[in-house]
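The basis for the numbers below is simple: all heavy atoms, side chains too, and nothing from hydrogens, waters or symmetry mates. Chain identifiers are assigned alphabetically (A, B, ...) following the order of the sequence lines, protein sequences preceding nucleic acid strands; residue numbering begins at 1 within each chain.
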Amino acid sequence: MDNETIARTFMELADVLELTGEVQFKVRAFRTASRAIEGFAESIADKVTSGGKLKLAGVGDGMIRRIKELATTGKLEELDERKKQLPGGLMDLMNLPGIGIKTAQQVWKERGITSVDELETAAKQGALRDLPRFGEKREEKLIAAITAWRKRASAPKRWPMAEALETAEALCARVRAMPGVLECQFAGSLRRRRETVGDLDILVAAEASHAIAIMDAWSTMPEVAEILAKGETKTSVVLKGGMQADLRVVPRESFGAALQYFTGSKEHNVAMRTIAVKLKLKVSEYGVFDAKDKSIAGVDEAEVYQAIGLQWMPPEMRENRGEIDLAKNDALPKLVELGDLKGDLHMHTVESDGKSTLEEMIEAARMAGRKYVAITEHSQSLAIAKGVTKERLRAHIQRIRELREKFDGKMTILAGLESDILADGALDMADELKQLDWVIGSVHSKLDMDRESMTKRVVRAIESGMIDCLGHATGRMLGHREASALDIEQVLHALKRTGTAIELNSSPLRLDIHENGARMARDLGVLVAINSDAHSTRELSFLKYGIGIARRAWLGPEHVLTTKSAKALTEWRAARAS
DNA sequence: GCCGTTTTCGGCCCGACTGTTTTCAGTCG
């Protein structure tokens, strides 16, 4: 059973426990454990059932017992029992904004309401206004919230990082131009570069006297579709595309503390604050305060961390996965940066399904600072992407070799191919691969095979020794297509045995291999190639998304194949061929 | 339920906004 399923089950159990009146701290413990499991790099079920020692914050004996039960029986007795005590639709109520545990219980117990439909009817009839803490206005808000909720049900709940990044950067540019704004930066899970983002958190430093005007300007921007809440320090809006964006205004002396706080993650912040409490300090978005409530830090993030005895750490690491202990001991790893990337080993041109010519791609990559590229068209079996035939491939190689002279000294150009891994694990155009400088093997068809067959298929391709790198291993497309069933651990072991690299495909909808896989690769010593898979010159910039994921996986330059110089890459390839 | 160079029991992050209130509970992040 995979970590996601276990995490989801624990999250559901927390909701059910909450509704059935379990003590709050126990409920919270399940949520904490759920998030910890979601972010755990290995299969937690395997780890626990094999009797290995597990050290994961928030997962104690009770959780381990439940993970074992889930892994062996596929379900949780406790969850099924508790669910029997609850009417079916009650859980939906808590998904409505403005409805939490108390209100859900209230309308259920006082009015017998157990579904969103019933709640809407009651609100429209004015049948809720006499309940405690209810009134006409709240009924109105509830009806609007239900309408919006129904509309949202069809829209995505989370947005790809790339789309959120673009929106956030545009909003920040707009905000920076507002009078009185001293600084503006986005925070939240976007700053941590999660692969998808639920909402935007934009942070502003400004004098308090400007706050109201800034909030007015923010809530009347043309991008705004709806205002959810508006105050002097916080205003939440829904943008026209459906994305929620929160603006916070803080004094300049608190900007660092606020940036730290709103960057999260929540678990990271809780762990930080717990350390602060032990030091008799208080951390809030306004700063770090001593026992006498005197501010001792807040202007910038580094001093906030320093005030509680921690090293500053990159946002991508802040998930409470052990980074705090490392920061305590000044032992944080150095993470890979965009500037470290010397090459890009996966891209297409008009020869297959790309939009730009060979010359355009090479020149654009050179301008972007790459020292080498591999041109990797699709192989013949991928007809839909104009996969090259034997003859076309040979002619293409010839053209690439000729171009080498033109770019001599400025750029190393590798003649490559993205060979299709066929259903049985054989490589498309296997006879042609030896003449190439670089070979990627990727699965493009029959993505819905069962786990065992798919794993066998990919492992066979790797063990052929004919590929240098496994391309977009899981085949997922965020929001469109689930990852293929694949035993990543077995695949990584095969890569390790054969000295083959794994790709971190930076295309924003792929981000494949995902961060947990990249983390496992790092731990196993499998090199990761951060590639753009660009189909146009514009898409060469996708590398910035891959870098975000790589950093979340704690990859340093030494774990990344494409940080090597062209010479070192050639040597690496020669060594693995021998 | 988890956790521990103050604790194996007794804690468990902190503040803004809203609606319904005359001081606060609930929700959210």
Distance below 4.0 Å between A/R31 side-chain N/O and B/dG1 OP1 or OP2: no

Touch class at under 4.0 angstrom, heavy-atom based, for A/F262 against every strand present: nothing

Sugar-phosphate only, base, or nothing, as touched by A/V283 at under 4.0 Å among non-hydrogen atoms: sugar-phosphate

Min side-chain heavy-atom separation A/F255-A/L182 under 4.5 Å: no

Heavy-atom check, side chain of A/V283 versus side chain of A/Y261, under 4.5 Å: no

Upstream residue (5' side of DNA chain B) when A/R138 and A/G60 are each assigned their closest nucleotide: A/G60

Gap in Å between the two C1' atoms, one belonging to B/dT20 and one to B/dG29, rounded: 23 Å

A/E4 atom CD: more than 12 heavy-atom contacts under 6.0 Å: no

Sugar-phosphate, base or nothing in reach of A/Q106, heavy atoms under 4.0 Å: nothing

Sugar-phosphate only, base, or nothing, as touched by A/L131 at under 4.0 Å among non-hydrogen atoms: nothing

Sugar-phosphate only, base, or nothing, as touched by A/D199 at under 4.0 Å among non-hydrogen atoms: nothing

Interatomic distance at P, B/dC28 relative to B/dT23, whole Å: 25 Å

Nearest-angstrom distance, P atom, B/dT6 to B/dG1: 27 Å

base_contact_polar (B/dC24 base, A/R133 side chain, donor-acceptor, <3.5 Å): yes

Sugar-phosphate only, base, or nothing, as touched by A/K266 at under 4.0 Å among non-hydrogen atoms: base

Side-chain N,O (A/K282) to OP1/OP2 (B/dG15) below 4.0 Å: yes

A/R158-A/T196 side chain donor-acceptor pair, cut-off 3.5 Å: yes

A/T233 vs B/dC17: side-chain N/O to OP1/OP2 distance below 4.0 Å: yes

Side chains of A/E337 and A/I547 in contact at under 4.5 Å (non-hydrogen atoms): no

Polar side-chain contact A/K230-B/dT18 base: donor and acceptor under 3.5 Å: no

Atom P, compared across B/dC9 and B/dC14: separation rounded to whole Å: 25 Å

Nearest listed nucleotide, side chain of A/A229, among B/dA16, B/dG26, B/dT18: B/dT18

Touch class at under 4.0 angstrom, heavy-atom based, for A/M63 against every strand present: sugar-phosphate

Face-to-face contact A/F25 to B/dC12 six-ring, under 5.5 Å, under 30°: yes

Rounded interatomic separation in angstrom, taking CG from A/D61 and C1' from B/dG4: 15 Å

Sugar-phosphate, base or nothing in reach of A/Q24, heavy atoms under 4.0 Å: nothing

Residue A/R28, side-chain atoms from C-beta onward, closest of B/dG15, B/dC13, B/dG1: B/dC13

Base-pairing mate for B/dT8 - Watson-Crick or G-U, with both contacts under 3.5 Å: none

Of the listed nucleotides B/dC13, B/dT20, B/dA16, the one nearest the side chain of A/K234: B/dA16

A/N3 side chain vs A/F40 backbone, donor-acceptor pair below 3.5 Å: yes

Syn/anti label of B/dT7 as read from its glycosidic torsion, with the cut at 90° from 0: syn

Touch class at under 4.0 angstrom, heavy-atom based, for A/T103 against every strand present: sugar-phosphate

Nearest-angstrom distance, C1' atom, B/dC13 to B/dT8: 23 Å

A/Y261 side-chain N/O to B/dA16 phosphate OP1/OP2 under 4.0 Å: no

Sugar-phosphate only, base, or nothing, as touched by A/R129 at under 4.0 Å among non-hydrogen atoms: nothing

Same-atom distance (C1') from B/dC12 to B/dT7, integer angstrom: 13 Å

First of A/E232 and A/V59 reached from the 5' end of DNA chain B, by closest nucleotide: A/V59

Inter-nucleotide P distance (B/dT21, B/dA16), Å rounded: 24 Å

Nearest-nucleotide pick for A/V277, side chain only, options being B/dG1, B/dT18, B/dC14: B/dC14

Candidates A/E195, A/E323, A/E515 - the one meeting salt bridge (charged side-chain N to carboxylate O under 4.0 Å, His left out) with A/R552: A/E515

Sugar-phosphate, base or nothing in reach of A/A57, heavy atoms under 4.0 Å: sugar-phosphate

